[in-house]
Amino acid sequence: MAKANTFTDNFTTESSTWWGYGEYGADSPVVSSGQLLLSPVASYPILITNTQYELTASYVLVEFIQNANAGNGSISVQFGVRIDSDNFVTFEANDGSMIFRECVASSNSDTSMTYNATDHRWLRIREDGGIVYWDTSSDAINWTTRRSKTTTLDFSSVQLYMMSGFWGVEPSPGVAIFDNLNLPVPPPVYSSGWHVGHLPMGAIDGGTIISRNYFDTADWLWSPIPDSPVLDPDSAAIVVSLAETAGGEHRSANLYEFGVTLAGQSGITSDTPRYDVSFANEPAWGSDPFGSDSMPIPDGTVMPPGSDGHISVADPTTSKVYSLWQATNSGGWSASWGGVASLHGDGRETSGSSTATNISRYAAVIRGHEIAAGEIPHALFFSSDMTHPTDYRYPASKTDGDNGAGVSNPIPEGARVQLDPSIDVAAIPGITQGEIAVAKALQKYGAYCGDKGGARMAFIFEYVDDGSEPGQVYVDAGLEWDYFDMVHIPWSSLRVLNSWDGS
């Protein structure tokens, strides 16, 4: 059975894959100017797929262009998936509210918030590991989870549907407009990565809602550092070496040559070309880390020119993240090695590896759109020439450290560092907007040492293929060249945590 996300419709014609066109006569849903129009009437006209699809480890999304009028408060507009009329999951816009509903055996479980035409422009229902998520977005790029819930429903066979109607009398019910079913608008090239959404009121559903759009259980990535964390006993000595400048050591921004090509949910569909990647280090390093999986890579994907050749793809059709190291494309994709992680897991690879620590290459990378927004809502990743030869800690699951710098107190891979949060970084003379964004992220979320490298600290950024070097979005933020040395950040004010959670 096909996954739910494989069914697409841009509503240019009345497709025979739906039931509902014409069945209600004048009250039937109609297609007009490339959009679906649902006029609420007392008969509750419904548009429902003739075929069943599998929502398990899949998703369905739609652009909700216009809500119907609130009228007398009885009008509702729904979008969702149903097993039958008594068991379904849906969004419902009703009397100024957006309701996130699970119905099991005709019993509704609801949470809700005030309907917002901008924030609720795109609606997405997805399932992963027995958990169903209700996500919304203003642009189909940056998603916010509004509700998540462990479900008992069997999503192996569902129908997609849209419905609108009302009880009583409504003199001017208006019309609801939908478009782009599972056809999100392609994002700008520098916005290919997802980022965490904002949910000011916190959890809605008993503390189960997390405003995360990938690596949902990776607390090490998303959770802010607590106040007064316990420090590593060698913190002060490690920081002396991390901040050292006498030998020309840099704390650089790897923007271009050693950046990472990212492709995220909104660019990957069932139609994206998939490749059986070959690995040069198989079988010496183990068996094919992708197994029987093929990796989706959009046509025209461009690799960073540096020797690491990193690419990472978040694939919603399999709920996996595929990452390659030293990738090449010569009539087919190959790489020296790669790793696979669960898209909604803890951000660590379970097969193979794309970084020295098994931290997914997709995690903790600074995105171009985050620099443009001036906010990085997660922890960062850096490599260093002073990594410890044997010691490592969570979230790292291994190390390639060799302390190439020969310092007295090397840093364990997996160690989390933090910039003193009391510093007003925006007031530092000469500091660039890009440095401010990085510094604030270091204060709130910190950064993990995840690999060995040639610089004292090299922070990993998304590779932006816009025809310029290192990418106009970075230049506009004052990061004007590749390996930009972020000298205005007070590196001597770092501290090394004893463990990732501050304990």
Side-chain angles (χ1 to χ4, degrees), residues 1-23 28-38 45-65 77-85 87-92 101-103 121-128 132-137 140-141 143 151 153-164 176-187 263-274 294 296 298 313-320 343-344:
M1 184 172 293
K3 294 287 189 179
N5 62 278
T6 63
F7 174 63
T8 61
D9 197 340
N10 59 7
F11 300 110
T12 56
T13 61
E14 295 185 0
S15 170
S16 61
T17 55
W18 295 94
W19 182 91
Y21 290 123
E23 281 78 8
S28 296
V30 298
V31 165
S32 177
S33 301
Q35 297 176 331
L36 172 69
L37 308 184
L38 285 180
I46 186 172
L47 195 68
I48 188 165
T49 55
N50 290 315
T51 304
Q52 273 77 24
Y53 296 89
E54 182 180 1
L55 186 69
T56 304
S58 183
Y59 67 89
V60 58
L61 62 85
V62 73
E63 186 177 13
F64 187 32
I65 294 175
V77 180
Q78 296 183 20
F79 164 72
V81 297
R82 52 186 271 174
I83 299 165
D84 53 44
S85 60
N87 298 274
F88 55 86
V89 170
T90 190
F91 287 93
E92 178 175 330
R101 172 171 294 165
E102 180 192 46
C103 180
R121 175 81 176 200
W122 291 84
L123 310 175
R124 181 177 69 186
I125 294 171
R126 58 187 170 90
E127 192 279 344
D128 185 68
V132 62
Y133 299 83
W134 291 256
D135 303 328
T136 71
S137 175
I141 300 170
W143 292 88
T151 183
L153 293 176
D154 180 3
F155 287 126
S156 61
S157 180
V158 301
Q159 292 173 289
L160 286 53
Y161 78 97
M162 285 162 280
M163 182 169 63
S164 181
I177 304 177
F178 292 89
D179 199 359
N180 294 312
L181 183 82
N182 288 334
L183 291 169
V185 177
Q265 180 265 0
S266 56
I268 306 300
T269 70
S270 59
D271 295 326
T272 303
R274 304 187 74 94
S294 56
V313 178
D315 178 12
T317 71
T318 61
S319 288
K320 294 180 182 179
L343 178 57
H344 299 294

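Since the structure is predicted, the reported quantities are computational estimates derived from the model, not experimental observations.
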Under 3.5 Å: donor-acceptor pair, side chain of S164, backbone of V77: no
Pairwise distance OG1(T12) to CG(L36) - rounded to 0.5 angstrom: 12.0 Å
Spatial distance of atom CG (L55) from atom CE (M1) [nearest 0.5 Å]: 12.0 Å
R274 side chain to S294 backbone, donor-acceptor under 3.5 Å: yes
Pair T49, T51: side-chain N/O donor-acceptor within cut-off below 3.5 Å: no
Test item: M162 and L38 side chains (from C-beta on) under 4.5 Å apart, heavy atoms: yes
Heavy-atom check, side chain of P45 versus side chain of P29, under 4.5 Å: yes
Test of ring centre spacing under 6.0 Å for Y161 and W18: no
Flag, side chain of N180 to backbone of E63, donor-acceptor distance under 3.5 Å: no
From CG (L61) to CD1 (I125), nearest 0.5 Å: 10.0 Å
Distance-minimising heavy-atom pair for I268 and A314: CG1-O, 3.6 Å
Side-chain heavy-atom pair V89, F155 within 4.5 angstrom cut-off: yes
Closest contact, heavy atoms only, F11 versus L47: CE2-CD2, 4.4 Å
Which atom of L37 lies closest to which atom of S32, heavy atoms considered: CD1-CB, 3.7 Å
Side chains of Q35 and V30 in contact at under 4.5 Å (non-hydrogen atoms): no
F7/L160 under side-chain contact (heavy atoms from CB on, under 4.5 Å): CA gap, chis, key distance, verdict: CA-CA 9 Å; F7 174 63; L160 286 53; 3.7 Å; yes
Backbone of Q159 reached by a side-chain donor or acceptor of N50 within 3.5 Å: no
Close side-chain approach of I46 to R82, heavy-atom, < 4.5 Å: yes
Between F79 and F64, ring centroids under 6.0 Å: no
Residues Y59, D128; criterion side-chain contact (heavy atoms from CB on, under 4.5 Å); working and verdict: CA-CA 9 Å; Y59 67 89; D128 185 68; over 6 Å; no
Heavy-atom pair of closest approach, residues S270 and T6: CB-CG2, 3.6 Å
Counterpart residues, side chain to side chain donor-acceptor pair (under 3.5 Å), relative to D179 (two or more places apart): none
Interatomic distance, N5 atom CG to L181 atom CG [nearest 0.5 angstrom]: 10.5 Å
Side chain W134, main chain T90, donor-acceptor under 3.5 Å: yes
Side-chain donor-acceptor pair present, S15, D9, cut-off under 3.5 Å: no
Student check: side-chain heavy atoms of E102 and T151 closer than 4.5 Å: yes
Y21/S28 under side-chain contact (heavy atoms from CB on, under 4.5 Å): CA gap, chis, key distance, verdict: CA-CA 6 Å; Y21 290 123; S28 296; 5.8 Å; no
Spacing of S157 atom OG and I83 atom CD1 [to the nearest 0.5 Å]: 8.5 Å
V60 side chain near V81 side chain, heavy-atom distance below 4.5 Å: yes
Smallest separation among heavy atoms of F178 and Q78, with atom names: CZ-O, 4.1 Å
Side chain K3, main chain T56, donor-acceptor under 3.5 Å: yes
Student check: side-chain heavy atoms of T13 and V31 closer than 4.5 Å: no
Distance-only polar pair, side chains of E127 and S58, donor-acceptor under 3.5 Å: no
Closest approach of F88 to D84 (non-hydrogen atoms, all atoms of both residues): CD2-O, 4.1 Å
